[in-house]
Amino acid sequence: MERTGPTVRFSGLLAAATAAVLAAGALVATAPAAGAADVDLARNGGFESGLDGWSCTAASGAVVSTPVHGGTKALKATPAGSDNAKCSQALTVKPNSSYTLSAWVQGSYVYLGATGTGTTDVSTWTQSSGAWKQLTTTFRTGPSTTSVSVYTHGWYGTPAHYVDDLTLVGPGGDPVVIPAVPAGLKTTAIASSSVALSWNAVSGASGYNVYRGGAKVATATGPSATVTGLTPSTAYSFQVSATNAAGESAKSAAVTATTTAGGGGGGDTKLPARALVGYLHSSFANGSGYTRMADVPDSWDVINLAFGEPTSVTSGDIRFALCPVAECPNVESEAEFKAAIKAKQAAGKKVLISIGGQNGQVQLASTAARDAFVTSVSKIIDTYGLDGLDIDFEGHSLSLNTGDTDFRSPTSPVIVNLISAVKSLKAKYGSDFVLTMAPETFFVQLGYQFYGSGPWGGQDPRAGAYLPVIHALRDDLTLLHVQDYNSGPIMGLDNQYHTMGGADFHIAMTDMLLAGFPVAGDTTKVFPGLRPDQVAIGLPASTQAGNGHTTPAEVNKALNCLIKKTDCGSYQTRGTWSDLRGLMTWSINWDRFNNWEFSRNFDAYFGN
């Protein structure tokens, strides 16, 4: 959240990632001769049968008769917007075997690669190819790898490119067989309207089906899922099956769970089913002007006071004070401010202290800083009679130490101490304590691709750094509203990059939070999805509030897709998230500056 103009913090990591991709160009080489037992495994690699066997993003792929390299047909693929014109197919391979992937391409920035190798995924590319040019790369499969995905794609904003005569040469894979029945099904979290499940990964499975009472209710790509929309105080029976190209396994042994009576964990906050969350510039002024607490309209269900800030980055000592009169001539008195808070609470609203923001870097690197955080935040809550805490750590507040690679058991002091501090506050104030978080996409959804400094170092250690905090506090968390703005392109669960400013970005980013995802692509480390009632979409209230402003029409499309599964465009959600809690915006002040467009649209959409 910003006091001044928007900033974008993606340049470092994306530049490093781009450099790594560009460096892969060195892999271009002449294909080695095939061994006696090697065969070409690619299906329709010359595109003579159209797109049979191929899956292309959106409408980017087509088969043409000119230009061609061999035969009579070739692939023409055209990047558009955030679609890099990726075409791919899954192929059966043998474990512990070497393969050579080749294709003839024509065009600028054409990529060829393979994923799911079980060792190191590979790619190669050509910067510019006016004539047909062969791309070649090799890889070795892992000890349990039986399927890989080969692909080609272009680059954003580039013209159409052409691909022909793609081959994958190596030992023929064994026929795909139906995977084994999943074992180890268990519950990992039970709430009033949801049950989180996990099970052992099954070799050769490409996905899983989750059943409730014999009826399929969810699908998953990894060995965990959260079933939502359940009734409080009700017993349910769950099973899971494994799937791949050959079919579906039998269902697992059943596990039973009884949902709680409601009001437990992070849900005991008496928020409305659809909540509107906004930040109120209480300690400073900017171009939007100062808004008094008493003048905040009734549309706002959660009001986050921006901001509590530390006396120094590492002190943990958080202070909050109203905007000085010299900066905010219309600021109310302390007594008036406190009275207005009580009036909001009497009307059913929640008022929280938000810690951090763009300027408030908070690093709880020591237990002394942790304890100071608990003491000082408690003092603010008690002084103003607040309902809870919003964590808006940005910049360099959170990062992962080298070697801290598992979000389920973090070791970095700034992470561990923050978790401990929040748990202490929750224990002090009880079940009615409202806990919200407003991380940037860099710290959450980017974790699908990158986590910390990575297994070999060199990545930005802040990548995905909120994930261990969210996971450890999920049972205490009231709302997560990731900032879907001031963001670079982020890869969604469809393995395509999504760009802020339209419905597609909010759909893809929110779906990741609800469906869960493997962290850094590791299917043994799956971040479980949150309950829909724990999630709101974060947006800027106006074009002045931050990069990535989304028009009301696009906001409504995103809500339609996530809640009703309509208006989804090219991205298909992994579920229908009918209990999605609502929207968050930066900020109430900017919405007022923009004639309340954001909150009025929220009220109109949900019939408030």
Quick one: does any side-chain atom of [X] pair with a main-chain N or O of [Y] as donor and acceptor, under 3.5 Å?
X: S283; Y: A306; answer: yes
X: S420; Y: V416; answer: no
X: D591; Y: E597; answer: yes
X: E554; Y: G501; answer: no
X: R292; Y: F337; answer: no
X: S354; Y: L352; answer: no

Quick one: which of [options] gives a side chain to side chain contact (heavy atoms under 4.5 Å, CB included) with [X]?
X: M437; options: D392, L473, T478, V444; answer: L473
X: N304; options: L386, T436, V351; answer: T436
X: D484; options: M509, H498, M500; answer: M509

### Task
Would you please indicate yes or no on a ring centroid separation below 6.0 angstrom for F602 and F606?
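Yes, they do, as the ring centres are separated by less than 6.0 Å.
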#### Entry: F393-F443 aromatic ring centre distance below 6.0 Å
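Aromatic pair excluded; centres sit 6.0 Å or further apart.
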### Query
Counting only heavy atoms not in K349, do more than 12 sit closer than 6.0 Å to its NZ atom?
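Correct, the count exceeds 12.
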### Message
Is it the case that over 12 heavy atoms from other parts of the model lie below 6.0 angstrom from the NE2 atom of H471?
### Response
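Counting other residues, nucleotides and ligands, NE2 of H471 exceeds 12 neighbours.
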Side-chain heavy atoms of [X] within contact of [Y], under 4.5 Å:
X: W300; Y: L276; answer: yes
X: L197; Y: V195; answer: yes
X: F505; Y: T441; answer: yes
X: R574; Y: L514; answer: no
X: Y605; Y: N560; answer: yes

#### Entry: Partner of Y384 under side chain to side chain donor-acceptor pair (under 3.5 Å), chosen from E334, K338, K342, K379
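So the option named by the test is E334.
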Could you state the interatomic distance from [atom1] ([X]) to [atom2] ([Y]), rounded to the nearest 0.5 Å?
X: K86; Y: S55; atom1: NZ; atom2: OG; answer: 9.5 Å
X: N486; Y: F442; atom1: CG; atom2: CZ; answer: 13.5 Å
X: Q445; Y: M512; atom1: CD; atom2: CE; answer: 6.0 Å
X: F407; Y: D522; atom1: CZ; atom2: CG; answer: 9.5 Å

Report yes or no: do [X] and [Y] form a side-chain donor-acceptor pair below 3.5 Å?
X: Q544; Y: N594; value: no
X: S299; Y: S599; value: no
X: Y448; Y: N495; value: yes
X: Q345; Y: D387; value: yes

### Query
Between Y279 and W586, what is the ring plane arrangement, given parallel below 30°, perpendicular above 60°, and tilted in between?
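If you compare the ring of Y279 with that of W586, the planes turn out tilted.
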### Task
Would you please classify the geometry between the F433 ring and the Y429 ring as parallel, tilted or perpendicular, with 30° and 60° separating the classes?
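Correct class here is parallel.
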### Query
Is R531 salt-bridged to D579, cutoff N-O under 4.0 Å?
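No, no charged N to carboxylate O under 4.0 Å.
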